Amino acid sequence: MLARTIRSANFAFYWGCIALVLFACIYVPFTRTLSPLLLTCLVAAGVACCLWGVYYATLCYKIDAEGITRCSLFGKKHLLWRAVTESDWQETDANSIASCRLTLVTPQQTMVLSSDLLPLDAVQELAADLRTAGLLPAVEKNQ
């Protein structure tokens, strides 16, 4: 299996949001006189927004021959291919918007990779590699 890293589809967007939030949180206090309550609310909202952005900007899945590792701001979650007991593939095309969802299950955990968060092509390529490796059932073609 080809080693790769899959990042969120909107990776650059999240970093841009972080930059804009930080800019606003610095700019507003320098250009306005804020009460302590408003300043506290501004800082709290800025911290919350930046945590949201950093979480999704740093979220990635590292895939190699041994397994898949989900890395995020709050830690890592590793799943070994040999421990996978069940896998599922769902692909939809509603109103000309394609999406897919890959679910991998082990006795200890379940990992879901979805095109709602990750690039569609990357999830489809991973599913194709897993089919080739025998970890995901072949897709039945409707005639």
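All values derive from a computational prediction rather than experimental measurement.
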[X] side, atom [atom1]; [Y] side, atom [atom2] - distance, nearest 0.5 Å:
X	Y	atom1	atom2	result
E125	I6	CD	CD1	8.0 Å
L20	C49	CG	SG	11.0 Å
C50	L22	SG	CG	4.0 Å
L126	I68	CG	CD1	5.5 Å
R131	L136	CZ	CG	5.0 Å
E86	L135	CD	CG	13.0 Å

What closest approach, in Å, do [X] and [Y] show between heavy atoms, and which atom pair accounts for it?
X	Y	value
Y14	G53	CB-O, 3.7 Å
C60	R7	CB-NH1, 3.7 Å
I18	V54	CD1-N, 3.4 Å

So, does [X] use its side chain to make a donor-acceptor pair with the main chain of [Y] at under 3.5 Å?
X	Y	answer
W81	L130	no
N10	F13	no
S8	Y56	yes

With side-chain contact (heavy atoms from CB on, under 4.5 Å) as the criterion, how do K62 and R70 come out once you've worked through the C-alpha distance, each side chain's angles and the decisive distance to 0.1 Å? CA-CA 7 Å; K62 295 180 180 181; R70 181 182 191 268; over 6 Å; no
Could you check L38 against L42 for side-chain contact (heavy atoms from CB on, under 4.5 Å), going step by step and ending with a plain yes or no? CA-CA 6 Å; L38 284 177; L42 176 73; over 6 Å; no
Residues forming a salt bridge (Lys or Arg N to Asp or Glu O under 4.0 Å) with R82, sequence neighbours excluded: E66
Student check: side-chain heavy atoms of [X] and [Y] closer than 4.5 Å:
X	Y	answer
W89	V123	yes
C25	V43	no
S72	Y55	yes

Only pairs under 3.5 Å count here: list side-chain donor-acceptor contacts from residues 104-119, not counting sequence neighbours, and write none if there are none.
residue : atom : partner : partner atom : Å
T106    : OG1  : Q108    : N            : 3.3
T106    : OG1  : Q109    : N            : 3.1
T106    : OG1  : Q109    : O            : 3.2
Q109    : NE2  : H78     : O            : 2.6
S114    : OG   : D116    : N            : 3.0
S114    : OG   : D116    : OD2          : 3.4
S115    : OG   : C100    : N            : 2.8
S115    : OG   : C100    : O            : 3.3

For the residue pair Y27 and F23, categorise the inter-ring angle as parallel (less than 30°), tilted (30 to 60°) or perpendicular (more than 60°). parallel
If you group Ile, Leu, Val, Met, Phe, Trp and Tyr by side-chain heavy-atom gaps below 4.5 Å, do L120 and I97 land in one group?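 Cluster IDs for L120 and I97 differ.
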Shared ILVMFWY cluster between V28 and V21, side chains joined below 4.5 angstrom? no
Please go through I26's hydrophobic cluster and name the other residues, only I, L, V, M, F, W, Y counting, with side-chain heavy atoms under 4.5 Å joining them.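 The other cluster members (ILVMFWY side chains, heavy atoms under 4.5 Å, direct or chained) are F30.
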